[in-house]
Structures are given as structure tokens and as C-alpha cells.
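Below you'll find the structure, written out as C-alpha cells, and then a few comments.
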Amino acid sequence: MYIPMIFFTIVIEKRKWTPEQREAKYRQRLAIAQLEERKRQIACQYPEFWFR
């Protein structure tokens, strides 16, 4: 059975990041890491309430 190759055509372009976008992405990752760390510290203080 023949399947046309048009169904398998995928174009992948590498995104070009500007320095401002890279800095914003870095700050976003840093903020998320800080929130996760804060959440982990709170969970460690009160484990009986968070993990039942």
C-alpha cells in the first residue's frame, strides 16, 4: 500500500532568541526554582499536614 509522503513532511526551524528573551527566560526559570524551593521548605516544616 502506498502512502503519500506529504503526510510525513515536517519542517523544524531553530528558534532565534534575542538577548532580552534569553534573560527573561533565565529570570523565569530562576523565579520558578525559588517558588519550588519555598514550597519545599514549607512542606518540610509541616509534613503531617502536607503528606497524609
Side-chain angles (χ1 to χ4, degrees):
M1 187 166 139
Y2 175 73
I3 300 174
M5 288 301 294
I6 192 168
F7 294 121
F8 299 103
T9 303
I10 299 173
V11 177
I12 300 174
E13 295 181 17
K14 187 166 175 72
R15 183 170 180 173
K16 306 289 186 203
W17 294 92
T18 65
E20 293 83 14
Q21 288 174 323
R22 287 183 184 165
E23 183 179 357
K25 193 72 165 170
Y26 171 75
R27 289 179 188 263
Q28 183 182 32
R29 288 183 187 151
L30 194 62
I32 291 171
Q34 289 173 351
L35 286 173
E36 291 292 327
E37 179 65 22
R38 222 179 292 150
K39 186 165 68 170
R40 188 190 63 77
Q41 288 177 353
I42 291 172
C44 287
Q45 290 176 357
Y46 308 105
E48 64 274 5
F49 298 112
W50 292 101
F51 306 107
R52 288 188 178 200

*asked:* Filter on salt bridge (charged side-chain N to carboxylate O under 4.0 Å, His left out), then keep only pairs touching residues 27-45, sequence neighbours left out; what's left?
replied: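 Residue pairs passing salt bridge (charged side-chain N to carboxylate O under 4.0 Å, His left out), neighbours aside: Glu23-Arg27, Glu36-Lys39, Glu37-Arg40.
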*In the hydrophobic clustering that connects Ile, Leu, Val, Met, Phe, Trp and Tyr at side-chain heavy-atom distances below 4.5 Å, which members other than Ile32 occupy its cluster, ordered by chain and number?*
none
_Side-chain hydrophobic cluster, 4.5 Å single linkage: members besides Tyr26_ =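 Same cluster as Tyr26: Leu30.
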*Output yes when a side-chain donor or acceptor of Gln45 lies under 3.5 Å from a complementary backbone atom of Ile42, and no otherwise.*
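Checked: no pair found.
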*Looking at Lys16 and Gln21, what are the two nearest heavy atoms and their distance?*
O-OE1, 3.8 Å
